[in-house]
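Everything on this sheet refers to the single structure shown next.
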Amino acid sequence: MENMESGSFRESKGYIVVEQAPDGSRHILYADKAACTVTRLAAEQLQGADPSGVTAELAVERVKLDSQHELWILEPSGGRQQHVAELERMNSALEAALKSAESANRAKSSFLSSMSHDIRTPMNAIVGMTSIGLSHIDEKPRVQDCLLKIRTASTHLMSLVNDVLDMSRIDSGRMKLNEEAFSLAELIHDIAVMMRPQAVQKKQELQIEIGRIYEESLIGDSLRLRQILVNIIGNAVKYTMDEGAIHVHFSQRRTEPAVQEEGGGVVWLDFVCEDNGIGMSREFLERIFIPFERVSNAVTSKIEGTGLGMAIVKNLIDQMGGRITVESREGEGSRFRVELPLLSAPQGKQPAELPAGQTVLVAESWSGRIGQIMDYLQEGGLIPVHVQSGMDAVTWLTEVQYEGCMPCAMLLGQELTDMTVLELASHVRQLAGRDFPILLVSEQDWAHIEYRAVRAGVSAFVPCPLFKSRLLGTLAGLLGSGGGEEAAAGGQDDFSRLHVLLVEDNEMNQEIAMELLSMIGVQVEVTDNGALAVEAFQASEEGHFDLIFMDVQMPVMNGYEATSNIRRLQRGDAQSVWIVAMTANAFVEDVRLSKEAGMNEHCSKPIDPERLQEILRGRLAVQERSAGKQPQPGDFGDKEAGRGSTGP
């Protein structure tokens with residue numbers, strides 16, 4: 001740039017050679033092209049002319065050549081000042097570039113210092129607890145305690161690696177958003193399942209409320225959206241003291257009139273997370289989105305974190321075209337508000353059909369949810385009857401049963417004034433018979449209460465946060481008008497009927513995956529690379545393998561090629577067999593490549609046993625539902641991102 005600028009300065013100057021005659025007069029002997037341009041005269045006009053006349057309005061610098069000749073350097077009036085100004089501008093630009101380079105260098109040093117500390121902290125726990133466990137190998141409680149602490153430290157280390165990789169991709173401009181259809185109800189349900197155990201551990205009250213929702217089927221990057229929401233709610237849980245309160249609210253609003261039945265309209269998702277935690281100072285709020293910035297005090301020093309989460313959140317929200325605002329007071333709590341524009345997706349299925357005008361008995365004493373339940377039932381064309389106590393519910397059912405006008409179903413909420421909801425379910429089951437539909441709406445994890453609920457007589461379960469589609473869909477399934485979204489109450493999963501082909505070249509990874517699968521009864525066969533996997537599948541009987549867990553980076557043939565080759569085979573199960581990427585390639589782009597290759601699911605390493613069982617459970621559900629309906633390759637769920645699996 002500097003050479004170009006200097007060249008432009010030279011081109012703006014003209015040069016003439018002036019000769020002085022014995023009588024003292026001067027005339028021009030020679031003029032270059034630039035001199036013609038500067039004086040706006042032709043060379044013939046300058047030749048022999050009086051230099052004083054043609055340069056009267058120009059800035060002239062004279063250089064003596066000999067006793068009779070001078071070199072005159074011509075430039076437009078003010079040109080010298082312009083030249084000086086340009087030089088000053090260039091110097092200022094160079095100074096700014098130097099400061100920027102010095103700042104980047106300091107940031108790099110700070111980054112390396114922070115990374116060294118933050119990585120060594122969990123590594124110290126892993127190495128130390130391993131040594132302690134080995135030295136007390138015969139003391140089962142001590143070894144178990146060490147293993148639990150190793151798992152905690154490993155999870156933190158994985159989170160740190162993911163954050164650093166995400167920040168690196170954002171800084172380099174390689175972070176790409178994936179635009180795909182997803183269910184808002186499923187996304188929020190999964191987030192609630194992840195965050196509630198953390199809040200329960202600290203005896204916190206975590207309320208997740210759903211406001212006005214126009215579109216549940218949306219188009220966007222659900223993985224990154226989940227990452228944003230989990231990060232903010234997770235921080236609220238971490239920085240709120242034991243027995244504190246966290247309130248989360250989701251709603252939608254439209255910025256344009258009307259809705260298009262085929263989808264494509266824009267809705268804004270509004271998310272608010274408010275807590276009564278330690279809060280932040282006004283000074284820190286100005287730095288909250290800067291990488292590695294954390295509140296520094298006696299409380300936060302004991303809380304794990306990298307200081308990268310909010311920087312990643314801010315960058316992702318900016319990429320999505322949204323906004324984030326933060327309000328906080330030290331010692332009082334914080335309030336985060338996120339606004340994101342999302343496209344509505346075309347409706348994949350028809351709304352649940354319900355018997356219009358039928359009565360539903362609703363037993364719920366918690367005012368925070370009863371209004372939502374009543375509204376949803378009325379919008380579905382049903383007539384809700386509300387009671388707050390179990391005694392009132394039994395009395396009302398006895399009366400209507402005598403009159404021969406029983407409700408079509410009963411909906412149990414979270415709380416009653418005089419007994420537990422499961423006690424009421426048991427009484428109603430005895431009163432109304434085994435075919436009477438009893439639906440439980442609860443924030444509790446179904447896996448924890450399933451046994452007791454089924455024994456009490458619960459027919460089906462809908463988790464909270466409560467969405468209209470889930471409530472009405474499940475109710476319609478119970479009443480025989482269609483399949484509800486939530487499965488009816490049933491028994492434990494039987495994975496022993498699943499036959500799996502594990503494709504993995506690393507012996508330790510083979511051992512881990514085989515043990516995790518064998519522990520839950522899955523039948524496993526192993527091959528070492530993609531080429532052997534294709535041969536094993538081709539040599540097996542049709543329908544022999546239910547799933548293939550496929551590593552991606554392998555010698556001879558990688559997982560993508562192997563999947564493509566399997567899909568092209570001329571046999572009935574080549575399209576229906578589930579192929580799951582089990583790989584350390586875990587960025588959104590890697591998930592997309594897996595899908596394009598024909599894979600059904602993506603399970604990132606390190607392998608999460610719960611994620612593994614979730615995939616197996618999904619395969620079982622498809623087998624039980626379909627009976628001949630072929631699942632399509634690339635039929636991905638959106639479960640992978642909220643688990644922090646964003647780095648290899």
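Throughout, numbering of the chain's residues begins at 1 and tracks the sequence.
Contact record, Gly220 with Leu342: CA-CD2, 4.4 Å, taken as the closest heavy-atom pair. Gly309 and Asn231 get closest at one heavy-atom pair: CA-ND2, 3.3 Å. When all heavy atoms of Gly572 and Ser576 are compared, the pair lying nearest together is O-OG, 4.0 Å. Looking at every heavy atom in both residues, Val143 comes nearest to Gly133 through CG2-O, 3.7 Å. Residue Gln570 comes nearest to Arg568 through the heavy atom pair NE2-O, 3.4 Å, listed as atom of the first residue, atom of the second, then distance. Of all heavy-atom pairs between Ala311 and Asn315, the closest is O-ND2, 2.7 Å.
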Met550 and Leu501: CA distance, side-chain angles, deciding distance, side-chain contact (heavy atoms from CB on, under 4.5 Å) verdict: CA-CA 8 Å; Met550 183 81 71; Leu501 176 62; over 6 Å; no
Intermediate values then yes/no, side-chain contact (heavy atoms from CB on, under 4.5 Å), Val248 and Leu206: CA-CA 8 Å; Val248 177; Leu206 174 59; 4.2 Å; yes
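When the shell of 6.0 Å around CD of Gln198 is examined, it contains more than 12 heavy atoms from other residues, nucleotides or ligands. Around CD of Glu542, the count of heavy atoms belonging to other residues, nucleotides or ligands within 6.0 Å exceeds 12.
Considering Glu180, His602, Glu601 in turn, Glu180 is the only one that fulfils the side-chain hydrogen bond (donor to acceptor under 3.5 Å, both in side chains) rule with Lys595. Of the options Asn565, Ile566, Val503, Ile579, a side-chain contact (heavy atoms from CB on, under 4.5 Å) to Phe537 is made by Ile566 and by none of the others.
Remark: side-chain polar atoms of Asp551 are not paired, donor with acceptor, to backbone N or O of Thr583 under 3.5 angstrom. Without hydrogens or angle criteria, Arg567 side chain to Ala574 main chain gives a donor-acceptor distance under 3.5 Å. Between the side chain of His136 and the backbone N or O of Ile132 there is at least one donor-acceptor pair closer than 3.5 Å. Between the side chain of Asp275 and the main chain of Thr240, no donor-acceptor pair closer than 3.5 Å is present. Between the side chain of Asp145 and the backbone N or O of Pro141, no donor-acceptor pair lies under 3.5 Å.
No side-chain heavy atom of Val577 sits under 4.5 Å from any side-chain heavy atom of Leu547. In this structure, the side chains of Arg571 and Ser540 come closer than 4.5 Å at one or more pairs of heavy atoms. A heavy-atom distance below 4.5 Å is found between the side chains of Leu517 and Phe549. Between Phe182 and Leu225, some side-chain heavy-atom pair lies under the 4.5 Å cut-off. Annotation: side chain of Ile188 is not in contact with side chain of Phe271 (no heavy-atom distance under 4.5 Å). Residues Ile246 and Cys273 have side chains in contact (heavy-atom distance under 4.5 Å, counting atoms from C-beta outward). Under the 4.5 Å side-chain criterion, counting only non-hydrogen atoms from C-beta, Met194 is in contact with Val230. You'll find the side chain of Leu502 stays beyond 4.5 Å of the side chain of Glu525, heavy atoms only.
Ion pairing of Glu614 with Arg617 is absent here, as no side-chain N (NZ or NE/NH1/NH2) approaches a carboxylate O to less than 4.0 Å. Salt bridge Lys605/Glu504: present, at least one basic N to carboxylate O contact under 4.0 Å. Ion pairing between Glu243 and Lys202 fails under the 4.0 Å rule for side-chain N and carboxylate O.
Side chains of Gln510 and Asp528: a donor on one and an acceptor on the other come within 3.5 Å.
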